[in-house]
Amino acid sequence: MGIIHRSGVFKKTNDKARLVIATILGIVIGFFIGVSFPSISFYKIHLPSNLRSSFDASIANDQDFMVRSPERTADNLPKIYVPTNPRGAELLPPGIVVPESDLYLRRLWGEPSEDLKKTPKYLVTFTVGFDQRNNIDKCVKKFSEDFQILLFHYDGRTTEWDQFEWSKNAIHVSVKKQTKWWYAKRFLHPDVVSAYEYIFIWDEDLGVEHFNAERYIELVKKHGLEISQPGLEPNNGLTWQMTKRRGDREVHKFTEEKPGWCSDPHLPPCAAFVEIMAPVFSREAWRCVWYMIQNDLVHGWGLDFALRRCVEPAHEKIGVVDSQWIIHQVIPSLGSQGKSEDGKPPWEGVRTRCKKEWSMFQNRLANADKAYLAQLGKE
């Protein structure tokens, strides 16, 4: 009988052990399930309305329950804060935020969805004075309906341009005595022109007899150019060998310059270089270049040597399109917008400012590099 008694005690002890182990396992499993699913929103479970309202009432006073109704403002709007929204739009629901815009012209009537018969793919800007209207007329006629035309007027004359039929569908921005880079910084923010694949930022004194815009775009895409310009007629207004038209090819990305001008064959002005008179930017490249334009350095001198910072590898993605070429007519029309000082003609003061800005831009860029490297502890 004693043996039977001891066996019963052992069995009871074993059962208790199993119960303790099962309890511990249950706690552990429950813990991991709770970690994996910290809260469940019953507002995303589609329950019958009567059951849901009863359920809401039953948990309303439960201070420990993790799911709460969205907080609301005094005027019964949902309280929203979305840190991933664009800066300044954190209080808006993401579905209503429109971070980018365009320059498409719209009607004042009808259905918005029917406003645009065709959406331009590319943007072409000219900084113009009315005296150059006939040349601009020739230029604009080289661009199809795929190109949106935007004129920046530095002489304040805009309505006279309506003598040209295309002008009625162009965008006109008028601020007196400003340069194209002043306009570009203020009116061509990347989020405003993001609808356009390529942005042309051209001077007003370009001859386009040998230029075809559609063919130009084809070649830019074919050769992977993010920043480009048409080749320049060798005998007119040529400053750099890099921009000189080559008659035996579609595109070139390298050149030879005067001895000592290029420390590296992959660097400006022997490569990774176009001038600022007629640049064409992809939307991605422009997003970078826009941020590099200085608010107070309005002439853009020195910018051409720094464009390579915005694409990699620059010597492959910056180039000159030779088979679609232009002529630089060298008309210093903007110089007449200057002011005569100390007996010097207006254009001379403008020229002096250009050179000074070049030096200032170089210094700012060098200082920015030093500050960045110092922040990283590399200098």
Side-chain angles (χ1 to χ4, degrees), residues 122-155 157 160-161 163-167 170 172 179-181 183-184 198-220 223 225 227-252 255 269 273-281 299-301 303-304 318-337 347 350-351 354:
Y122 318 109
L123 179 66
V124 182
T125 76
F126 294 97
T127 301
V128 302
F130 190 63
D131 290 344
Q132 298 302 317
R133 61 190 177 278
N134 292 325
N135 190 60
I136 293 298
D137 179 52
K138 294 176 183 177
C139 289
V140 169
K141 289 176 178 176
K142 289 288 186 174
F143 297 93
S144 70
E145 292 182 353
D146 283 332
F147 297 80
Q148 174 69 61
I149 303 299
L150 169 56
L151 299 187
F152 295 126
H153 300 271
Y154 61 75
D155 60 356
R157 301 175 67 180
E160 295 98 322
W161 287 82
Q163 65 181 271
F164 303 113
E165 190 62 29
W166 55 261
S167 176
H172 299 264
T179 71
K180 71 177 181 181
W181 299 110
Y183 290 112
Y198 293 93
I199 298 103
F200 294 61
I201 303 181
W202 281 18
D203 288 354
E204 62 182 339
D205 60 343
L206 304 175
V208 292
E209 181 181 350
H210 306 282
F211 179 80
N212 180 286
E214 276 78 11
R215 181 58 180 152
Y216 185 91
I217 293 294
E218 290 175 5
L219 290 170
V220 162
H223 292 275
L225 298 180
I227 301 175
S228 64
Q229 74 161 77
L232 291 176
E233 163 61 41
N235 300 321
N236 293 82
L238 188 68
T239 303
W240 307 100
Q241 289 297 312
M242 180 63 187
T243 57
K244 178 179 179 181
R245 172 190 170 237
R246 312 281 179 83
D248 59 347
R249 65 196 68 188
E250 291 180 335
V251 165
H252 74 269
T255 193
F273 177 80
V274 296
E275 294 189 69
I276 59 174
M277 75 173 71
V280 180
F281 303 95
H299 291 287
W301 279 38
L303 189 63
D304 40 14
I318 300 178
V320 176
V321 179
D322 297 290
S323 61
Q324 300 302 313
W325 48 285
I326 58 177
I327 297 174
H328 187 202
Q329 297 170 343
V330 198
I331 300 174
S333 51
L334 193 60
S336 64
Q337 301 296 308
W347 67 265
V350 172
R351 187 77 173 180
C354 290

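Heavy atoms from other residues, nucleotides or ligands lying under 6.0 Å from CZ of Arg351 number 12 at most. Around atom CD of Gln163, more than 12 heavy atoms belonging to other residues, nucleotides or ligands sit under 6.0 Å away. Counting non-hydrogen atoms of neighbouring residues, nucleotides and ligands closer than 6.0 angstrom, the NZ atom of Lys142 exceeds 12 such neighbours.
Screening residues 129-139 for salt bridge (charged side-chain N to carboxylate O under 4.0 Å, His left out) gives Asp137-Lys141 as the qualifying pairs, with residues at least two apart or on separate chains.
The distance from atom CE of Met277 to atom CD of Glu204, rounded to the nearest 0.5 Å, is 13.0 Å. Summarising the geometry, atom CZ belonging to Phe126 is positioned 5.0 Å from atom CD1 belonging to Ile136; distances are rounded to the nearest 0.5 Å. Rounding to the nearest 0.5 angstrom, the gap separating the NZ atom in Lys244 from the OG1 atom in Thr255 is 8.0 Å.
For the pair Asp322 (side chain) and Arg246 (backbone), a donor-acceptor distance under 3.5 Å is present.
Here Phe211 and Trp325 keep their ring centres 6.0 angstrom or further from each other.
For the salt bridge (charged side-chain N to carboxylate O under 4.0 Å, His left out) test, no residue two or more places apart in sequence or in another chain qualifies with Glu214.
Classified by interplanar angle (parallel below 30°, tilted 30° to 60°, perpendicular above 60°), the ring pair Phe164/Trp166 is parallel. Ring pair Phe200/Tyr216 is tilted by interplanar angle, where 30° to 60° counts as tilted.
For the residue pair His223/Glu250, the side-chain donor-acceptor check at 3.5 Å is satisfied. Defined by atom type and a distance below 3.5 Å, a donor-acceptor pair is missing between the side-chain atoms of Asp205 and Gln132.
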Q: List the steps and the verdict of side chain to side chain donor-acceptor pair (under 3.5 Å) for His172 and Ser167.
A: CA-CA 8 Å; His172 299 264; Ser167 176; 3.0 Å; yes

